[in-house]
Number of protein chains: 2
Amino acid sequence: MVNFTNEAGPDKTDRKIMQLLARDGRMAWSELAEKIGLSLTPTLRRVRQLEEGGYIKGYVAQLDEGRLAGKVSVFVAVTLVNQSEEVIQRFEEQIALSPEVMSCFLMTGDADYTLRVVVPDLDGYQHFLTRTLTRIPGVAHIKSSIALKQVLMRPSPLL
Amino acid sequence: MVNFTNEAGPDKTDRKIMQLLARDGRMAWSELAEKIGLSLTPTLRRVRQLEEGGYIKGYVAQLDEGRLAGKVSVFVAVTLVNQSEEVIQRFEEQIALSPEVMSCFLMTGDADYTLRVVVPDLDGYQHFLTRTLTRIPGVAHIKSSIALKQVLMRPSPLL
DNA sequence: ACTGAAAATAAATCGCA
DNA sequence: TGCGATTTATTTTCAGT
């Protein structure tokens, strides 16, 4: 018997660490240590704790979505014919395989989905609709809302 | 006279680099070099080119949104009283200061906005509405759609 | 828990093919 | 564009407070 898995949760210093790494995920640990006013060892230990505790899920390069995928975002409200396990599972699976789909949320109430789909232009969206979305079994109805400008996009919540 | 600013754009190797860094943004350059089958020097040069060309916009730690901000996402369609510079500018400015707002898109047509707001619960959303959103000058109408599950969220486009 | 120093790795730079 | 070697910086580990 050893350790009552010290579930303390992030303190103020941990939050500062997360904040800094959310802005620059490749910052040198030595630089991070300096900025939070601790030496290397405890800094790195805190980072590892945050990673293991799942507060930091990973580190990613942010790619230019507009340049690599397209400048047009379409919010798509999808209604399924029913909410059977099979229909839902197949839908979510196919969606995850479509590179145009950047995010997908299951909505309350009507139990349908809202997707954000990124395409180069409206032609590209039409292709996505006809070649991908309408071909997924169980899709009953689709309503599209087109965005032309991304005003704000936070990769991580503000602390 | 020297160089017709060689605007070549990413080749297959560059795309592989972006793909790998989008999955692990803190990977050692030496490991990246191994995976793409080049030595360190050209690998690092390519990475720097991708950064300078804006294909890689930066590196960030992914924080657990559900744990740090909340499990409830609300899509909010906001209509402004008009599209005057002043109203638009103030709206976008205030939105950017609100930590609950994770993203904001300017929509075509009616020229209103779609936001994704993250809150711990519906009470938190009510607070956001009354303390923040409805207090921004120029906000005429609000329509909320509540999500309870994030099915998919890509930090970067698939290559 | 934190510090500081030593040992092991990794990153940046340079001359060259 | 690419390679390999050198210099410089960073990360990791460990003994001490």
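Each chain gets a letter, A, B and so on, in the order the sequences are listed, and its residues count up from 1. Every value quoted in this text rests on a predicted model; they were computed, and no experiment measured them.
- Arg23(B) is not listed as a side-chain neighbour of Ser156(B), based on a closest heavy-atom distance of 4.5 Å or more.
- Minimum interatomic distance between Ile56(B) and Ala61(A) (heavy atoms only, all atoms of both residues): CG2-CB, 4.1 Å.
- Aromatic ring pairs are classed by plane angle as parallel below 30°, tilted from 30° to 60° and perpendicular above 60°; the pair Phe91(A) and Tyr113(A) is tilted.
- The nucleotide whose nearest atom lies closest to any side-chain atom of Leu44(A) is, among dC3(D), dC2(C), dT12(D), dT12(D).
- Atom CD of Gln89(B) is surrounded by 12 or fewer heavy atoms from other residues, nucleotides or ligands within 6.0 Å.
- A side chain to side chain contact (heavy atoms under 4.5 Å, CB included) with Ile95(B) is found for one member of Val78(B), Thr132(B), Leu133(B) and no other, namely Leu133(B).
- Across its full length, the helix from dA1(C)-dT17(D) to dA17(C)-dT1(D) shows an angle of 30° between the axes of its 5 terminal pairs at either end, rounded to 10 degrees.
- For Glu93(A), the CD atom is densely surrounded, since the number of other residues' heavy atoms within 6.0 Å is greater than 12.
- Proximity of Arg46(B) to the phosphate of dG2(D): a side-chain N or O atom is located under 4.0 Å from OP1 or OP2.
- Remark: the backbone N or O of Leu21(B) is not paired with any side-chain donor or acceptor of Arg26(B) at under 3.5 angstrom.
- Among the heavy atoms of the strands lying under 4.0 Å from Arg45(A) is at least one base atom, whether or not backbone atoms are also near.
- Gln62(A) and Tyr55(B) form no side-chain donor-acceptor contact under 3.5 Å, judged by distance and modelled atom types alone.
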Any protein N or O atoms within reach of nucleotides 4-8 of chain C? Criterion: under 3.5 Å, listing atom names and distances.
unit_1, atom_1, unit_2, atom_2, d
dG4(C), O6, Thr41(A), OG1, 2.7

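- No salt bridge links Arg45(B) with Glu52(B); every basic N to acidic carboxylate O contact stays at or beyond 4.0 Å.
- Less than 4.0 Å separates DNA chain C from at least one heavy atom of each of the following residues of residues 15-35 of chain B: Ala28(B), Trp29(B), Ser30(B).
- Using a distance-only test at 3.5 Å, with no hydrogens or angles considered, a donor-acceptor pair links the side chain of Thr108(B) to the main chain of Ile146(A).
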